[in-house]
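To start, the structure under review is shown below, and the notes come after it.
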There are 2 protein chains.
Amino acid sequence: MCPKETDEQKCPDQHNSTECAKHLMPVRDALDMLSGKWKIPIIIALTYGNYRFKELHRQIGITPKMLSKELKELEMHQLVKRTVYDSTPVTVSYELTPYAASLRHVIDALRDWGLQHRKRLMPKSKPAA
Amino acid sequence: MCPKETDEQKCPDQHNSTECAKHLMPVRDALDMLSGKWKIPIIIALTYGNYRFKELHRQIGITPKMLSKELKELEMHQLVKRTVYDSTPVTVSYELTPYAASLRHVIDALRDWGLQHRKRLMPKSKPAA
DNA sequence: TATATCGGTTTCCTAAGAGATACCAGATAG
DNA sequence: CTATCTGGTATCTCTTAGGAAACCGATATA
């Protein structure tokens, strides 16, 4: 999101496109923050407490490369705080910032809709095997 | 989502992984329905009224291939209704189903968070140029 | 001296997402 | 007879997301 906003998306021509961008852009911003394979698992893991890098790596099964990338993004967006302890070997702890709590409502909305949608589309099949 | 659920995601080992999947899977489901470049633009366009295929194509600037794919998915998920009129040439109209209204709350939550997040991260820069 | 730990980074690779372009059949308008 | 409209498909290409594996320097343990 932040670096540049050349993201030119068109829209129905009832409304001019800046008007439309104003509707789309924030949704895109939020979605960019949550989509991808690992953001939600990481955030949910961190709601249960602080974790060190290798702990996250092992526990959610993400490769170090992805984990490093995702954590950097989350930190840039002020959702995660990174703390280095100069123990030996160094340990680095990751925790959610208080601001991250603001995502709660969004994630809840997603989960609620996802739950009822699954029920609607597969009424009697396997209940989350 | 629907076809198969082999999507094995791990999770912090405080909770067993089925427990954790129960948290993650619905969020994934919802996110799958909304992420990607075109779902939201299409849905928002259709909230302003019915559109024919070529109209959507021209107005939101999506290629026919992608549009076709996205509309099929939305229809499969009962969010969009497709109606064929045997005028000449045939016209096909797409509209949101009443069920699609259930997404309203989710999209609003995303937009609200996106708006305040943008303000937080870029307090005084360009206001959606 | 060898091995393991820590938090990453680097390189290589594949699969998926997405764009560009051409094309189709049927009918009508010029 | 040709061009144009419709709702799409098919093919080719490029870009991005993501995984696998090896590696790094510093330190501790065996």
Side-chain angles (χ1 to χ4, degrees), chain A residues 1 3-4 6-10 24 28 31-43 45-46 50-77 80-95, chain B residues 1-4 6-10 24 28-29 31-43 45-46 50-77 80-95:
Chain A
M1 146 191 185
K4 51 195 168 82
T6 1
D7 188 6
E8 198 51 64
Q9 283 237 354
K10 291 182 199 149
L24 288 181
R28 272 266 67 81
L31 240 23
D32 286 349
M33 208 59 258
L34 297 178
S35 54
K37 191 171 176 181
W38 295 112
K39 300 267 170 45
I40 297 280
I42 292 174
I43 291 173
L46 290 179
N50 306 3
Y51 281 93
R52 288 180 293 116
F53 188 89
K54 278 263 161 76
E55 281 176 341
L56 280 170
H57 157 60
R58 279 190 287 253
Q59 295 196 352
I60 68 183
I62 184 179
T63 62
K65 187 185 79 172
M66 290 306 293
L67 181 55
S68 172
K69 200 197 76 183
E70 303 284 48
L71 286 173
K72 273 177 194 160
E73 288 181 34
L74 290 170
E75 198 190 354
M76 258 183 25
H77 286 265
V80 157
K81 177 161 151 255
R82 178 178 183 271
T83 314
V84 182
Y85 299 99
D86 57 347
S87 51
T88 51
V90 283
T91 56
V92 180
S93 178
Y94 292 92
E95 61 187 306
Chain B
M1 147 195 185
C2 304
K4 52 195 168 79
T6 0
D7 187 8
E8 198 52 64
Q9 284 238 355
K10 292 181 199 152
L24 288 181
R28 272 267 67 81
D29 287 347
L31 240 24
D32 286 349
M33 208 59 257
L34 297 178
S35 54
K37 192 171 179 183
W38 295 112
K39 299 268 171 46
I40 296 280
I42 291 173
I43 290 172
L46 291 179
N50 306 3
Y51 281 93
R52 287 180 293 116
F53 188 88
K54 280 263 159 80
E55 281 176 339
L56 281 169
H57 157 60
R58 280 191 287 253
Q59 295 195 352
I60 68 183
I62 184 179
T63 62
K65 187 184 80 173
M66 289 306 292
L67 181 54
S68 171
K69 200 197 74 182
E70 303 284 47
L71 286 172
K72 273 176 195 161
E73 287 181 35
L74 291 170
E75 199 191 351
M76 258 183 27
H77 285 264
V80 157
K81 178 162 148 254
R82 180 179 181 269
T83 314
V84 183
Y85 298 100
D86 56 349
S87 52
T88 52
V90 282
T91 57
V92 179
S93 178
Y94 290 93
E95 61 187 308

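Chain letters run A, B, ... following the sequence lines, proteins first and then strands; every chain starts at 1.
Of the candidates dC6(C), dG8(D), dG19(C), the closest approach to any side-chain atom of Met66(B) belongs to dG19(C). Comparing atom distances between the Thr91(A) side chain and each of dG7(D), dC6(C), dT9(C) picks out dC6(C) as nearest. In this structure, the nucleotide among dG8(D), dT9(D), dG7(C) sitting nearest to the side chain of Val92(A) is dG7(C). For Tyr94(B), the side-chain atoms get nearest to dG8(D) when compared with the rest of dA18(C), dG8(D), dG19(D). Set against dG19(C), dT9(D), dT9(C), the side chain of Trp38(B) has dG19(C) as its closest nucleotide. Nearest to the side-chain atoms of Arg52(B) among the listed nucleotides dC6(C), dG7(D), dT9(D) stands dG7(D). Of the candidate nucleotides dG19(C), dG19(D), dC6(C), dG19(D) has the atom lying nearest to any side-chain atom of Lys37(A).
One interatomic measurement links the two molecules: NZ of Lys72(B) to C1' of dG17(C), which rounds to 16 Å at whole-angstrom precision.
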Close N or O pairs between protein and nucleotides 25-30 of chain D (under 3.5 Å):
| residue | atom | partner | partner atom | Å |
| --- | --- | --- | --- | --- |
| dA28(D) | OP1 | Thr88(A) | OG1 | 3.3 |

Could you pull out the protein-nucleic contacts involving nucleotides 11-14 of chain C (nitrogen or oxygen on both sides, under 3.5 Å)?
none

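Just one residue in the list Gln59(A), Met66(A), Lys65(A) forms a side chain to side chain contact (heavy atoms under 4.5 Å, CB included) with Ile62(A), and that residue is Met66(A).
Contact check, Arg58(B) against dT6(D): a side-chain N or O comes under 4.0 Å of OP1 or OP2.
Atom NZ of Lys81(B) has 12 or fewer neighbouring heavy atoms from other residues, nucleotides or ligands inside a 6.0 Å radius.
Of all non-hydrogen atoms in Tyr85(B) and Ser93(B), the two that sit nearest each other are CE1-CB, 3.6 Å.
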